[in-house]
Visitor: 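Here it is, the structure in full.
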There are 2 protein chains.
Amino acid sequence: MSNKCEKCIVKKFTGLQTLSSEQLKCISDGKVTRSFKKGDVIFDEGDHLKGIYCVRYGIAKLSKLSTNGKDQIIKFVSNGEVLGQRSVIAQEPANLRAVAVNDMDSCFIPKNIILENLQNNASFTLELLQNLAHELKEADDVIVNISQKPVKNRIAETLIHLEDSFGVDHDGFMIIQLSREDISNIVGTATESCIRMLSELKKEKLIETSGKRIKIINRNTLQKLGEGIQH
Amino acid sequence: MSNKCEKCIVKKFTGLQTLSSEQLKCISDGKVTRSFKKGDVIFDEGDHLKGIYCVRYGIAKLSKLSTNGKDQIIKFVSNGEVLGQRSVIAQEPANLRAVAVNDMDSCFIPKNIILENLQNNASFTLELLQNLAHELKEADDVIVNISQKPVKNRIAETLIHLEDSFGVDHDGFMIIQLSREDISNIVGTATESCIRMLSELKKEKLIETSGKRIKIINRNTLQKLGEGIQH
DNA sequence: ATTTATATATGACAAATATCAGTTATCTAT
DNA sequence: ATAGATAACTGATATTTGTCATATATAAAT
């Protein structure tokens, strides 16, 4: 795996593609490759980030602690996506906590390089802008779903979304493996409720499980359920 | 009220401050002042926006229809704020519906002026970027609150937020007047539940009401309730 | 391989919220 | 000012979801 930014495939998925060769060289020289073990905290709510993390391999979850002590998962970030951009752009402390869902490799790009490009590189900034615009739309969707759909539908939707985002292995089980607690923290429900709903989905032959591993076996019905078309 | 952009006070609250005098002149010449009556739909989900709306006077609500037929209110936009920026930036159809909460005046700035500035005017783009970054943070907060706090707390928080955003009149009643249905669509609950909670807050002497008008009379306790400190 | 810890699962029950029905108040239009 | 329409309110009840207790399964550690 090359550690030259010019050759990194990740850049093609991010605003980094708009950086010039010299700039990429510069990042490449200054950058640090940071690896995290499953469960490691990449940054926490309130941290002052010194740069952004470009995920090369693995998955991170972004979450926020509620006053009731529950940790709401806001989104996942994986290969070719970027962590911490919002905070660096707004020059504010992180509003979310980032934790590695599995072992993870990332490139750390120092804040000053980002800020400099924000000043001088219009296409870079535009790219970030469209990134944020997309994230904002997704956040709006989450708000609607979480407030209007019953737990079971939200779980159905979450499973579809997780499969689409991270794919399945050779047996058809989803690549991403989350604890029941994580899933309940995505949909915003009690862990027991989440487990119950998964059991129902199993009984209804929409999914199969094997430990943490989950396989969708009736995608159509599950998807309709997630869209709230039927009970 | 001047209709020259160079002199418009609104520009100081928006990215428009970063436009040059010639650019402002250009917008001023090309722009259209658009007025809306209470309840008018400014744009709808799926509309292809031809520009953004800069609110000079009045308040608009942004909402999204759920599959269950309920309209989730995502946020409000008022004086000096901008409507439709996300869609124009992302060059996508609107993901939200915008409706005038009361009579409203706005300046319409055509898309091409925005897009051109996105290409050539780094400070303008940066300003928008920070705008979106802020909106994104707020959306994250909404997700956590709506999924983790009970209805009563969310209503308390909403009332505090509405008072802070739009202020009170000489009698201490909130300027913004929403229907009970609107309030329930902010917190994501049934209208009857919302009414019941407002009644409780009245009994507990945290608020007073007079028709649609609401006055906060024990801000401290209401705020603590909204923050989830106590039941 | 066996113990220990942690995660998953299920039942019984409590609490929160939604729904439905019906009443009263407020707004709107003539 | 009055009639009709719409919104606000309240009670009774159903449904959904959360909590607590406990059992079983899985993972981690010696």
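Just so we're on the same page: letters track the sequence lines, and every chain starts at 1.
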Visitor: Where the side chain of Lys202(A) is defined as all heavy atoms beyond and including C-beta, which of dT17(D), dA18(C), dA9(C) is the nearest nucleotide?
Guide: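 The closest nucleotide is dA9(C).
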Visitor: Write down the distance between CD (Gln148(B)) and P (dT17(C)), rounded to a whole number of angstrom.
Guide: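 Nearest whole value for this atom pair: 13 Å.
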Visitor: Does the side chain of Lys149(B) pick up a donor-acceptor pair with the side chain of Ser66(A) at under 3.5 Å?
Guide: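 No, because no side-chain N or O of Lys149(B) sits under 3.5 Å from a partner of the opposite role on Ser66(A).
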Visitor: Using whole Å, what does the distance between atom C1' of nucleotide dT10(D) and atom CD of Glu200(B) come to?
Guide: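 Result: 12 Å.
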Visitor: Calculate the interatomic distance between Lys203(A) atom NZ and dA9(C) atom P; express it in whole Å.
Guide: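 Atom-to-atom, Lys203(A) to dA9(C), this comes out as 11 Å.
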Visitor: Taking only the side-chain heavy atoms of Met197(A) (C-beta and beyond), determine which of dT17(D), dG18(D), dT17(C) contains the nearest atom.
Guide: dT17(D)
Visitor: Starting from the 5' end of DNA chain C, give me the residue, Ser147(A) or Ile195(A), whose nearest nucleotide shows up first.
Guide: Ile195(A)
Visitor: Rounded off to whole Å, could you give me the CG-to-P distance for the Asn153(A) and dT15(D) pair?
Guide: 17 Å
Visitor: What's the shortest heavy-atom distance between Ser87(A) and Asn95(A), and which atoms?
Guide: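 In this case the closest contact between Ser87(A) and Asn95(A) is OG-N, 4.2 Å.
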Visitor: Measure CD1/Ile183(A) against P/dT8(C) and give the value in whole Å, please.
Guide: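 Distance, rounded to whole Å: 8 Å.
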Visitor: Within the 4.5 Å heavy-atom criterion, are Lys152(B) and Glu204(B) side-chain neighbours or not?
Guide: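 Yes. Closest side-chain heavy atoms under 4.5 Å.
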Visitor: Is Ser199(B) close enough to dT10(D) that one of its side-chain N or O atoms is under 4.0 Å from OP1 or OP2 there?
Guide: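 Affirmative; the distance criterion is met.
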Visitor: Measuring from the side chain of Thr209(A) (C-beta onward, heavy atoms only), which nucleotide among dA8(D), dA9(C), dC20(D) has the closest atom?
Guide: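 The nucleotide sitting nearest to the side chain is dA9(C).
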Visitor: Is any side-chain heavy atom of Glu157(A) closer than 4.5 Å to one of Glu227(A)?
Guide: no
Visitor: Given that Lys149(A) and Ser179(B) both sit by DNA chain D, which one's nearest nucleotide is further toward the 5' end?
Guide: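 Final value for this comparison: Ser179(B).
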Visitor: Report the nucleotide, chosen from dC9(D), dT8(C), dT19(D), that has the shortest atom-to-atom distance to any side-chain atom of Lys212(A).
Guide: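 My answer, after comparing the listed nucleotides, is dT8(C).
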Visitor: In whole angstroms, how far is the P atom of dT8(C) from the CG atom of Leu201(A)?
Guide: 16 Å
Visitor: Roughly, in whole Å, what's the span from CD in Glu192(A) to P in dA12(C)?
Guide: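 Rounded to whole Å, this separation is 16 Å.
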Visitor: Out of dT8(C), dA8(D), dG11(D), which nucleotide sits closest to the side chain of Arg196(B)?
Guide: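 Ranking dT8(C), dA8(D), dG11(D) by closest atom to the Arg196(B) side chain puts dG11(D) first.
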Visitor: Consider the side chain of Ser193(A), meaning its heavy atoms from C-beta on, and name the nucleotide among dT19(D), dT19(C), dG18(D) that approaches it most closely.
Guide: dG18(D)
Visitor: I'd like to know whether Arg97(B) forms a salt bridge (Lys or Arg N to Asp or Glu O under 4.0 Å) with Asp71(B), so could you lay out the CA-CA distance, the side-chain angles of the two residues, the decisive distance to 0.1 Å, and finally the verdict.
Guide: CA-CA 9 Å; Arg97(B) 150 188 279 220; Asp71(B) 202 41; 5.4 Å; no
Visitor: Can you identify which nucleotide, out of dT10(D), dT17(C), dA8(D), has its nearest atom closest to the Thr189(B) side chain?
Guide: dT17(C)
Visitor: Rounded to whole angstrom units, what separation is found between the CZ atom of Arg180(A) and the C1' atom of dA25(D)?
Guide: 12 Å
